[in-house]
Amino acid sequence: MSGRNLLFVPGPTNSPDRILRAMHVPMEDHRSSSFPALVGPILSDLKKVFKTETGQAIVFPGTGTGGWESALVNTLSPGDKVLSFRYGQFSHLWIDMMQRLGLDVTAVDVEWGEGAPPETIHELLSKDTKHEYKAVCVVHNETATGVTSDIGAVRKAIDAAKHPALLFVDSVSGLASLDFRMDEWKVDICVTGSQKGFMLPAGAGIVCASPRAIEQGKTAKLPRCYWSFEDMLKANATGYFPYTPSIPMLYGLREALNMLFEEGLENVFARHHRLAEGCRRAVKAWGLSVCARAPRWYSDTVSAIMVPAGFNGGDVIDVAYRRYNFALGAGLNKMAGKLYRIGHLGDLNEITLLAGIGGAEMAMSDVGIKVDLGSGVAAAQKYWLETATPLPAKKVAGPAESAAPARRPAGVA
Ligand SMILES: *Cc1c(COP(=O)(O)O)cnc(C)c1O
């Protein structure tokens with residue numbers, strides 16, 4: 001099919017050409033004397049994205065799911081009590097992993113459309129006077145429902161209960177798109193992946209561990225080998241890996257970090273917020289609602305759009321793909337059929353998102369959902385015009401650029 005297959009699934013996200021080109025490299029010896037010059041700065045630059053001075057960033061060949069496993073097996077022992085909350089498919093899967101690894105999980109069910117409840121965390125931890133809970137695990141941005149939790153409030157609840165539990169956070173679809181403050185929120189392990197805010201293909205499980213989490217690992221008894229922080233940190237300290245890293249992934253990650261820093265992290269977060277708000281205006285103009293039950297839960301990286309009764313979100317996605325060659329996200333688990341998702345994270349601007357919103361209008365009309373064509377597009381456009389960003393300065397060619405001969409292929413006038 002002609003035209004670009006734009007992705008509005010909330011991961012993998014659209015990889016910018018710049019990153020794809022950076023990844024197109026010949027393989028090299030990952031034990032060469034120059035390899036540490038690539039690895040060292042990537043690991044220290046990642047810490048800026050997690051906003052930590054004291055934490056250690058780790059890049060596993062793997063995915064976010066591997067990152068989850070690494071957090072658990074490096075810090076806990078069989079039968080340890082952990083507290084977690086189920087409010088979407090991803091929090092559900094992480095809890096399932098905790099159970100399968102032999103942890104004693106208190107999994108609190110929360111309405112899908114809401115996030116981690118600080119009040120409940122405070123209540124349960126206050127009652128745990130013997131400090132049996134070893135960790136609290138929460139998903140920062142529940143990608144299945146488009147809900148963002150307030151991790152600062154979670155930290156305050158743990159501190160108010162004077163509880164020493166470690167705090168583990170899944171920010172797979174948040175980090176590098178939403179503000180994340182590892183040190184300020186005293187997060188012990190943050191888990192992410194390469195294919196969301198970092199705009200890369202899937203293939204890296206990226207985690208950051210606090211000194212406390214690393215220290216606790218020395219006595220924790222869950223078995224670990226591939227996911228061992230200790231092995232990884234020992235090799236990373238000299239700029240190497242305990243096994244073969246994915247070389248294109250590292251070059252891609254280098255380029256992604258460059259792009260994020262060129263734009264400025266705070267500008268990246270502001271861009272995501274503004275684009276997300278435009279998308280929410282579109283949903284409202286359609287007369288539909290998002291799954292997130294209140295503004296405090298709105299996610300700036302993904303909107304989960306409830307389809308009217310009698311329709312199936314899966315049909316919208318299917319038509320979008322087969323007729324218009326673009327990808328919307330599906331409703332998962334309890335939400336299967338009830339919603340479809342527009343991911344708005346990573347490499348995108350107003351014009352990219354207008355394609356997703358306009359395309360969703362066409363696909364919804366195709367399956368019989370009554371929406372006024374153009375209503376969502378117009379609502380988003382209006383919001384973005386009202387909140388227009390400053391017009392960038394015109395690019396004037398410098399002396400070096402203007403002096404350079406224009407390069408044209410031979411034979412072209
Ligand atoms: C995508 C995602 C995951 C899973 O990551 P994989 O890279 O697919 O293993 C976990 N948690 C959240 C919140 C996600 O969005």
Side-chain angles (χ1 to χ4, degrees), residues 7-15 46 50 58-73 84-101 107 110 112-116 136-151 154 167-180 187 189-208 226-227 246 249 252-253 256 272 276 291-292 297-304 327-335 339-346:
L7 301 179
F8 294 96
V9 286
T13 62
N14 301 292
S15 288
L46 276 172
F50 286 102
I58 294 176
V59 180
F60 286 107
T63 72
T65 304
W68 279 345
E69 184 158 340
S70 77
L72 303 173
V73 299
S84 197
F85 299 85
R86 188 188 286 113
Y87 39 76
Q89 175 69 354
F90 293 97
S91 41
H92 165 71
L93 288 174
W94 198 11
I95 287 167
D96 176 61
M97 176 185 278
M98 295 164 204
Q99 290 165 338
R100 282 155 67 170
L101 288 172
V110 174
W112 289 32
E114 295 183 4
V136 176
C137 303
V138 293
V139 172
H140 180 206
N141 188 77
E142 176 51 79
T143 323
T145 55
V147 162
T148 301
S149 291
D150 181 348
I151 304 303
V154 169
L167 173 58
F168 298 164
V169 180
D170 165 336
S171 193
V172 179
S173 60
L175 199 86
S177 305
L178 307 180
D179 195 9
F180 194 88
V187 172
I189 298 181
C190 177
V191 175
T192 194
S194 49
Q195 77 275 25
K196 306 209 174 155
F198 283 116
M199 308 168 281
L200 293 156
I206 303 169
V207 301
C208 197
Y226 183 81
W227 302 115
S246 164
M249 183 60 71
L253 187 52
H272 279 81
C291 180
W297 304 119
Y298 286 169
S299 164
D300 284 341
T301 61
V302 54
S303 294
L328 294 167
L332 303 170
N333 196 324
K334 266 199 223 180
M335 291 303 174
L339 57 77
Y340 71 89
R341 295 173 296 153
I342 296 183
H344 30 73
L345 72 163

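Note that the numbering runs from 1 along the sequence shown for the chain. For ligands, and for the atoms within them, numbers begin at 1 and follow the listed sequence.
Side chain of Thr13 to main chain of Lys196: a donor-acceptor pair is present (N/O by atom type, distance under 3.5 Å, no hydrogens or angles). With hydrogens and angles ignored, the 3.5 Å screen pairs a side-chain donor or acceptor of Thr301 with a backbone N or O of Ser173.
Considering only non-hydrogen protein atoms, atom 11 (N) of ligand 1 sits nearest to Asp170 OD2, 2.6 Å. In this structure, the protein non-hydrogen atom closest to atom 4 (C) of ligand 1 is Thr65 OG1, 3.9 Å. Remark: minimum distance from atom 13 (C) of ligand 1 to any protein heavy atom is reached at Thr143 OG1, 3.2 Å. At the top of the distance list for atom 2 (C) of ligand 1, counting protein heavy atoms only, stands Lys196 NZ, 2.5 Å.
Partners of Trp68 by side-chain hydrogen bond (donor to acceptor under 3.5 Å, both in side chains), not counting sequence neighbours, listed by chain and number: Asp170. For the salt bridge (charged side-chain N to carboxylate O under 4.0 Å, His left out) test, residues two or more places apart in sequence or in another chain that qualify with Asp179 are Lys51, Arg181.
Scanning all heavy atoms of the two residues, the minimum distance from Pro10 to Gly329 falls at CD-CA, 4.3 Å. When every heavy atom of Gln89 is checked against every heavy atom of Asn333, the shortest pair comes out as OE1-ND2, 2.8 Å.
By the 4.0 Å heavy-atom criterion, Gly193 is excluded from the residues contacting ligand 1.
Taking 4.5 Å as the limit, every side-chain heavy atom of Val172 sits out of range of all side-chain heavy atoms of Val139. Within the 4.5 Å cutoff, no side-chain heavy atoms of Thr192 are placed close to those of Phe180.
The distance from ligand 1 to the heavy atoms of Phe90 drops below 4.0 Å at these ligand atoms: 1 (C), 2 (C), 3 (C), 10 (C), 11 (N), 12 (C), 13 (C), 14 (C).
Only backbone heavy atoms of Asn141 (N, CA, C or O) come within less than 4.0 Å of ligand 1; its side chain stays farther off. Using a 4.0 Å cut-off between heavy atoms, Trp68 contacts ligand 1 through its side chain alone, with no backbone atom that close. At a heavy-atom distance under 4.0 Å, only side-chain atoms of Gln195, from C-beta outward, approach ligand 1.
Residue Thr63 places at least one N or O, backbone or side chain, under 3.5 Å from an N or O of ligand 1. Between Gly64 and ligand 1, at least one N/O pair is under 3.5 Å apart.
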